[in-house]
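Data first, discussion second: the structure below is written as structure tokens.
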Amino acid sequence: MTTGLRRTALADTARHPEEFAELYRGAGYWTPETFAQFLPERAALFGDRTAVVGLDARGAQRRLTYRELDEAASRIASGLAALGVRAGDRVVVQLPNIVEYTEVVFAVFRLGALPVFALPAHRSAEIGFFCRFADAAAYVVAAENGGFDYRGLAREVTAALDVPPAVVIAGDAAEFTALDALRAHDPLPTADVDPESAAFLQLSGGTTGTPKLIPRTHSDYLYSVRESARICGVDAGTRMLVVLPAAHNFPMSSPGILGVLHSGGTVVLAPDPSPDTAFSLIEREAITMASLVPPLAMAWLSARSRSEHDLSSLQVLQVGGAKFPAEAAKRVRPELGCTLQQVFGMAEGLVNYTRLDDDEDTIVTTQGRPISVHDEIRVLDDDGAPVPAGGTGHLLTRGPYTIRGYYNAPEHNSTAFTDDGFYRTGDIVRVTEHGYIVVEGRAKDQINRGGEKIAAEEVENHLIAHPAVLDAAVVAMPDRYLGERTCAFVVTEGEAPKALALKAFLRERGLAGYKIPDKVHFVDAFPVTGVGKISRNELRHALAATFEN
Ligand code: OOB
């Protein structure tokens with residue numbers, strides 16, 4: 001299967017204006033370092049140290065040194081090049097927490113191609129969109145994981161595309177190209193790439209009908225990785241357990257897999273997120289650090305009293321992705337015996353951390369402060385005016401590792417960013433007198449389901465595609481365990497389908513499981529105002545209010 005010729009060049013994504021680029025270079029934030037050289041340089045520094053521990057696609061336990069990881073990445077890079085993947089091409093990577101994830105990501109980097117970081121939970125609706133929208137040259141996926149056969153997904157996705165990407169399978173490849181076959185190729189030299197060009201496309205949690213892709217540059221991302229590692233005390237002795245999906249921005253770079261590998265530490269990939277699996281790995285691998293979303297942190301807290309495992313190596317537990325309630329946060333030190341670090345970040349850029357030496361009150365009640373003194377923070381009221389110091393309002397930000405625009409989305413960019421380049425995060429926050437951010441709520445039409453982000457409009461569009469559905473509004477409902485769950489209000493005509501049938505319909509359309517509404521409420525009509533139909537925003541808020549007491 002050939003993939004050449006028709007591929008577009010990477011669109012010129014919004015760069016930082018030169019005056020800012022100069023500032024960030026001058027401050028030593030943006031350096032010539034790139035992700036293409038990242039691993040060869042680390043292999044030269046840390047050769048025989050263990051880089052990655054985990055299962056592979058066939059379920060075998062593997063331990064790779066830095067040198068072995070670099071050798072594998074460079075062979076796979078060569079194999080991908082033989083399939084037609086070139087510098088600047090996009091490669092959709094959808095791998096679970098297996099060692100091949102690190103091999104493939106660094107292989108793509110080495111070529112100067114751009115990984116598009118899909119999640120294992122994504123299905124044909126999302127993967128098909130990423131392949132089309134990013135004009136992917138290749139799609140790399142595991143044969144199966146968690147009882148799901150991704151080769152079937154690859155068949156479905158490629159059949160629907162005019163010019164399908166080359167499919168590469170980790171594990172049993174069936175009719176596709178086996179990742180293992182790529183390893184037979186001789187290593188290639190590392191690509192020479194512009195450090196201020198896009199290194200990869202990360203996924204946005206999203207608020208719109210179709211997902212947005214986030215172009216992060218080598219310079220901006222590596223700055224955040226190096227600084228995150230420093231702030232979080234990561235060094236060659238760090239042994240990090242990766243429980244969350246490896247491709248998410250949090251476990252990838254805050255400081256995550258990249259921060260640990262940059263520092264010479266060891267990454268241990270957990271095959272599943274259960275406390276049992278995590279606790280045995282903490283004991284077996286003498287884990288020093290882990291990052292979790294709040295529901296998992298709560299699961300660890302409740303499993304701890306029933307567990308005999310020795311967790312004494314654990315020094316830092318990071319919790320982020322969604323608000324971690326103070327009542328749970330204050331249990332971490334006494335019950336798990338480690339320092340809590342709250343992390344409030346976003347794939348678009350800005351990441352805040354409580355510092356390891358902060359007082360317990362700050363650690364428990366705030367979501368941290370920005371990485372950089374050059375992270376600019378604005379807190380504005382509904383009319384766009386700054387709120388008085390300490391007041392609550394909309395968070396806007398710009399800085400050395402926050403994007404100035406989404407990939408190929410000029411219309412959305414014109415509202416998601418201010419004219420002077422601030423990103424409207426959609427989060428409602430206040431800033432304490434010490435500069436720490438407390439997340440108070442959210443103004444964007446997104447459901448944060450225990451850290452998994454769901455764009456209301458995307459799910460509504462899929463619901464409305466059902467022949468019996470006239471209109472749909474998707475809102476968050478409070479949930480004790482996940483923080484929020486998804487509820488769809490649906491207006492139907494004719495014979496209403498059952499809620500179960502509607503959920504099955506969404507699944508058949510290839511929507512990721514975490515986006516399927518937890519609850520479906522059928523209503524006769526949506527509320528209207530005197531002048532007619534109310535805005536979708538108001539509608540969502542009015543419907544969400546029905547859960548609030
Ligand atoms: C992380 O990144 P995304 O892109 O999946 O989601 C970003 C959004 C934020 O805008 C905010 O709404 C929410 O997730 N969020 C939090 C939070 N951390 C993220 N809300 C309340 N408290 C927190 N601690 O989620 C992400 C990226 C890098 C590091 C950590 C998390």
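Index from 1, following the sequence.
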If we count only N and O atoms by modelled type, under 3.5 Å, do the side chains of [X] and [Y] hold a donor and an acceptor together?
X	Y	result
R42	Y66	no
S253	Y221	yes
Y436	T354	no
E458	T210	no
S124	E156	yes
Q94	Y139	yes
T217	D220	yes

Show, in sequence, the C-alpha distance, side-chain angles and deciding distance for I231 and I371, and conclude whether the side chain to side chain contact (heavy atoms under 4.5 Å, CB included) test is met.
CA-CA 8 Å; I231 291 168; I371 288 179; 4.1 Å; yes
I need the [X] [atom1] to [Y] [atom2] distance, nearest 0.5 Å.
X	Y	atom1	atom2	value
L244	N97	CG	CG	8.5 Å
R378	T418	CZ	OG1	5.5 Å
L350	T397	CG	OG1	4.5 Å
Y101	L95	OH	CG	8.5 Å
Q318	C232	CD	SG	5.0 Å
T238	I287	OG1	CD1	10.5 Å

Closest non-hydrogen atom pair between [X] and [Y], with its separation:
X	Y	answer
W300	A278	CZ2-CB, 3.4 Å
P96	A142	CD-CB, 3.8 Å
C131	V157	SG-CG1, 4.2 Å
I257	A246	CD1-CB, 3.7 Å
V99	L269	N-CD1, 3.7 Å
G450	P295	CA-CG, 3.6 Å

Tell me whether the rings of [X] and [Y] are parallel (<30°), tilted (30 to 60°) or perpendicular (>60°).
X	Y	result
F35	H218	tilted
Y29	Y223	parallel
F117	F109	perpendicular
F133	F129	parallel

Flag if over 12 foreign heavy atoms under 6.0 Å of CG, D420
yes
Around atom CD of E18, are there more than 12 heavy atoms from other residues, nucleotides or ligands closer than 6.0 Å?
yes
Given side chains that start at C-beta, do those of [X] and [Y] come closer than 4.5 Å, heavy atoms only?
X	Y	value
I428	H394	yes
F200	Q202	yes
E457	T207	no
V167	T158	yes
E227	S372	no

Ignoring hydrogens and angles, tell me if any N or O in the side chain of [X] forms a donor-acceptor pair with the backbone of [Y] under 3.5 Å.
X	Y	value
D89	A113	no
E41	H262	no
E100	A57	yes
R216	Y401	yes
R75	R183	yes
K323	V439	yes
T486	A476	no
S274	T277	yes
R123	G513	no
T425	D427	yes

By salt bridge (charged side-chain N to carboxylate O under 4.0 Å, His left out) - contacts of R398 (at least two apart):
E376
Is R404 positioned over the aromatic face of F20, cation under 6.0 angstrom from the ring centre and no more than 45 degrees off axis?
yes
Taking it one step at a time, do E22 and R25 satisfy salt bridge (charged side-chain N to carboxylate O under 4.0 Å, His left out)?
CA-CA 5 Å; E22 264 171 31; R25 283 180 216 124; 5.1 Å; no
The single option from K453, R442, R449 that satisfies salt bridge (charged side-chain N to carboxylate O under 4.0 Å, His left out) with E484 is R442
Side chain to side chain donor-acceptor pair (under 3.5 Å) for E348 and S204? Distances and angles first, verdict last.
CA-CA 7 Å; E348 286 80 358; S204 156; 3.3 Å; yes
Under the salt bridge (charged side-chain N to carboxylate O under 4.0 Å, His left out) criterion, do E103 and R110 qualify, and how do the steps go?
CA-CA 10 Å; E103 296 174 332; R110 192 180 177 102; over 6 Å; no
